[in-house]
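Order of the sequence lines fixes the chain letters, A, B, ..., with proteins taken first and strands second; residue numbering starts at 1 for each chain. Please read these numbers as outputs of a predicted model, since none were measured by experiment. Only heavy atoms go into these numbers, but all of them, side chains included; no hydrogens, no water, no symmetry mates.
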Protein chains: 2
Amino acid sequence: MIEQERLPDIRTTAQAWESLFRAQVAVMRRLQALPEFRKLSVREYDVLFNLTRCPGGWTRLNELNENLLISQPSLSRMVDRLEAKGLVLRRTAEQDQRGIEISLTEAGRELQRRIGREHVRHLHELIAPALSAEEFGQLQALTEKLRSGLSPGC
Amino acid sequence: MIEQERLPDIRTTAQAWESLFRAQVAVMRRLQALPEFRKLSVREYDVLFNLTRCPGGWTRLNELNENLLISQPSLSRMVDRLEAKGLVLRRTAEQDQRGIEISLTEAGRELQRRIGREHVRHLHELIAPALSAEEFGQLQALTEKLRSGLSPGC
DNA sequence: TCAGTTTACATGCTTTTGCATCTACCAGGG
DNA sequence: CCCTGGTAGATGCAAAAGCATGTAAACTGA
């Protein structure tokens, strides 16, 4: 038996996106009010978090910028501030003298871990009651597929 | 036969949320660069959009604020600007003299529709290739359930 | 009824963001 | 080799954001 896979119409995609977006807002709104984000904003934490996810520990600034919603100048200045706080290091890329590479300092890594632990714990308390383990698995699979399947054209 | 519904562990919830969040960032990053948001930022558009969704057309400012990620003072000033542009109206609430109610002007409604049409069209082009109609339906159902099932405690 | 508390929004002030632009560097022909 | 075009970040400046606080109205409980 052949499974028919319907192409989504414009209503379907719009409604799914709206629902996903509202869920994200609802969760994020509660998260960012939590005490772990008093010293470092969610955006700043997200930079540190992204830095933990790159092999070798160094990432290009432009590459980092692709995973964030802030503009290139804003990231440049946010890195200034994180550097001033002793949380990240800057160096010029070896192969491309225009480029800048960033990595966490030990203090930065430590702070990320500390905030991350609290964050994950609070996140769990907040969202765990909403879905079963199986449903969270489906949600993860669908959102991963969504992200990786975005139209390259636009 | 009884279906066993497992409770999610902390890894499962954290990974699902991270995936959802990254998908949202990836989509939003592309959306906000589109031409329809040159005149009005995504945040401002979202306010107009929320105003189309309230019965009677008038919404309390604090109620509106719950659906947005910006702070109360920021919303207050954003409404100032939208009012100055002739897109929304302000009035004091009847039952509660402290409260402010907002509604769209005709120009505001018109602008929302115009941006909204472009927005939905571009959104569709962007995300439609990623999932089937059935999968978008599942995604919508899961994210709605997530949003409505958040722990009231935190 | 009236002082004390809470809620809703506005406002002063500082920080952060974004747009436009600048500089430095790379890459690809002539 | 130099010139042209393009890319990676930095920076000047104006707009927007958040924090702390102010004001005024509503609730609360003697």
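Here CG of Leu20(B) is found 10.0 Å from CZ of Phe136(A). Values are rounded to the nearest 0.5 Å.
Counting non-hydrogen atoms under 4.0 angstrom, Ile70(B) reaches the backbone sugars and phosphates but no base.
Each of Gln95(A) and Leu69(A) lies near DNA chain C, and the nucleotide nearest Leu69(A) is the one positioned closer to the 5' end.
Spacing between atom CZ of Arg43(B) and atom P of dA15(D) amounts to 18 Å, rounded to whole angstrom units. Summarising the geometry, the separation between CZ on Arg29(A) and P on dG18(D) is reported as 10 Å, rounded to the nearest angstrom.
Between Glu101(A) and Arg60(A), no side-chain nitrogen of the basic residue sits less than 4.0 Å from a carboxylate oxygen of the acidic one, so the salt-bridge criterion is not met. Under 4.0 Å is where a charged nitrogen must lie from a carboxylate oxygen, and between Glu118(A) and Arg121(A) at least one such pair does. Here Glu18(A) pairs with Arg53(B) in a salt bridge; the nearest charged N to carboxylate O distance falls below 4.0 Å.
At its two ends the helix from dT1(C)-dA30(D) to dG30(C)-dC1(D) runs along axes set 20° apart, each axis drawn from five pairs and the angle rounded to 10°.
For Phe49(A) and His119(A), the ring centers are positioned 6.0 Å apart or more.
Judged purely by atom type and a 3.5 angstrom limit, Thr143(B) uses its side chain to pair as donor or acceptor with the backbone of Gln140(B).
Contacts between chain A and DNA chain C, taken as any atom within less than 4.0 angstrom of a protein heavy atom, begin and end at dT16(C) to dC26(C).
Residues Glu125(A) and His122(A) have side chains in contact (heavy-atom distance under 4.5 Å, counting atoms from C-beta outward). Put simply, the side chain of Arg81(B) reaches to within 4.5 Å of the side chain of Glu44(B), judged on heavy atoms.
More than 12 non-hydrogen atoms from other residues, nucleotides or ligands lie less than 6.0 angstrom from CZ of Arg91(A).
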Just do the salt bridge (charged side-chain N to carboxylate O under 4.0 Å, His left out) check on Asp9(B) and Arg11(B) with the steps written out, would you? CA-CA 6 Å; Asp9(B) 64 14; Arg11(B) 261 188 93 78; over 6 Å; no
I need a per-nucleotide contact map over nucleotides 6-13 of chain D, read 5' to 3'. Cutoff is protein heavy atoms under 4.0 Å; write B for the base, S for backbone only, - otherwise. BBSBBBBB
